[in-house]
Amino acid sequence: MIVRSTKEITGTERDVADPKGNWRSKRIVLAGDGVGFSFHETTIEAGTVNEFHYANHVEAVWLVEGEGLLTNRETGEVHVLSPGTMYLLDGNERHTVAASTQLRMLCVFNPPVVGTEVHDENGVYPLVEIEDSQPASAAAK
């Protein structure tokens, strides 16, 4: 069993901030935990426009707080984001998130991120693999 709080992650290597100050990702579950996905709490600052493209990952996002717009840059479709909205990037879609107010979202990535990834100039996380993806609890057995 793994139990973690965002409070204990804050200020550690699992707490990753955008160099521009637009977003912050608290990476609660990572590839090293060996469960096959990663789980993050991400906040996006009000008034920012952010371009993302997860070319190597599928991402599911559940919006918990805030208002904004999601634009699929592949099709031009625009979706309103509000609490309770979920979106799934199952086709590696290039997308833009424009935050009218601060957004707080819970995100799941597959394959899991290892925790050191940052967005490149195209908004992409590189595909990084870890040597041993077995959870510490299983390795101890």
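The figures that follow rest on heavy atoms only: side chains count, while hydrogens, waters and symmetry mates do not. The structure displayed is predicted, hence computed values, not measured ones.
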note = Across all chains, not counting sequence neighbours, the side-chain contact (heavy atoms from CB on, under 4.5 Å) partners of Thr71 are Val78, Thr96
request  = Any chance you could measure Asn56, atom CG, to Phe109, atom CZ, to the nearest 0.5 Å?
outcome  = 11.5 Å
task = Could you go through the side chain to side chain contact (heavy atoms under 4.5 Å, CB included) check for Val97 and Tyr87 one step at a time?
result = CA-CA 11 Å; Val97 177; Tyr87 62 90; 3.7 Å; yes
query = Between Glu74, Glu77, Glu59, which is the residue that forms a side-chain contact (heavy atoms from CB on, under 4.5 Å) with Glu93?
reply = Glu74
query = To the nearest 0.5 Å, how far apart are OG1 in Thr43 and CD in Glu65?
reply = 10.0 Å
query = Between Val80 and Thr85, is any pair of side-chain heavy atoms under 4.5 Å apart?
reply = no
ask   = Are any side-chain N or O atoms of Asn92 and backbone N or O atoms of His57, one a donor and one an acceptor, separated by less than 3.5 Å?
value = yes
query = Does Leu103 belong to the same Ile/Leu/Val/Met/Phe/Trp/Tyr cluster as Leu69, with side-chain heavy atoms less than 4.5 Å apart forming each link?
reply = no
request  = Using side-chain contact (heavy atoms from CB on, under 4.5 Å) as the criterion, point out the one residue from Val35, Val113, Ile2 that pairs with Val29.
outcome  = Val35
query = Taking atom NE2 of His95 and atom OG1 of Thr75, what is their separation to the nearest 0.5 Å?
reply = 12.5 Å
task = Report whether Ile44 and Val49 are members of the same hydrophobic cluster (ILVMFWY, side-chain heavy atoms less than 4.5 Å apart, transitive linking).
result = no
request  = State the CG-CG distance between Asp18 and Asn50, to the nearest 0.5 angstrom.
outcome  = 7.0 Å
key: Partners meeting side-chain contact (heavy atoms from CB on, under 4.5 Å) with Glu8 (sequence neighbours left out)   = Arg4, Ser5
message = Just to verify, which of Arg104, Arg24, Arg27, Arg14 counts as forming a salt bridge (charged side-chain N to carboxylate O under 4.0 Å, His left out) with Glu41?
response = Arg104
ask   = Do Pro112 and Asn110 touch side chain to side chain, with heavy atoms closer than 4.5 Å?
value = yes
ask   = CH2 of Trp23 to OG1 of Thr42: how many Å apart, nearest 0.5 Å?
value = 7.5 Å
key: Atom pair CD/CG of Glu45 and Asn22 - distance to nearest 0.5 Å   = 8.0 Å
message = Between Asp15 and Thr12 (side chain of the first, backbone of the second, donor and acceptor by atom type, cut-off under 3.5 Å), is there such a pair?
response = no
ask   = Taking only residues two or more places apart in sequence or in another chain, which ones pass side-chain contact (heavy atoms from CB on, under 4.5 Å) with Thr101?
value = Glu67
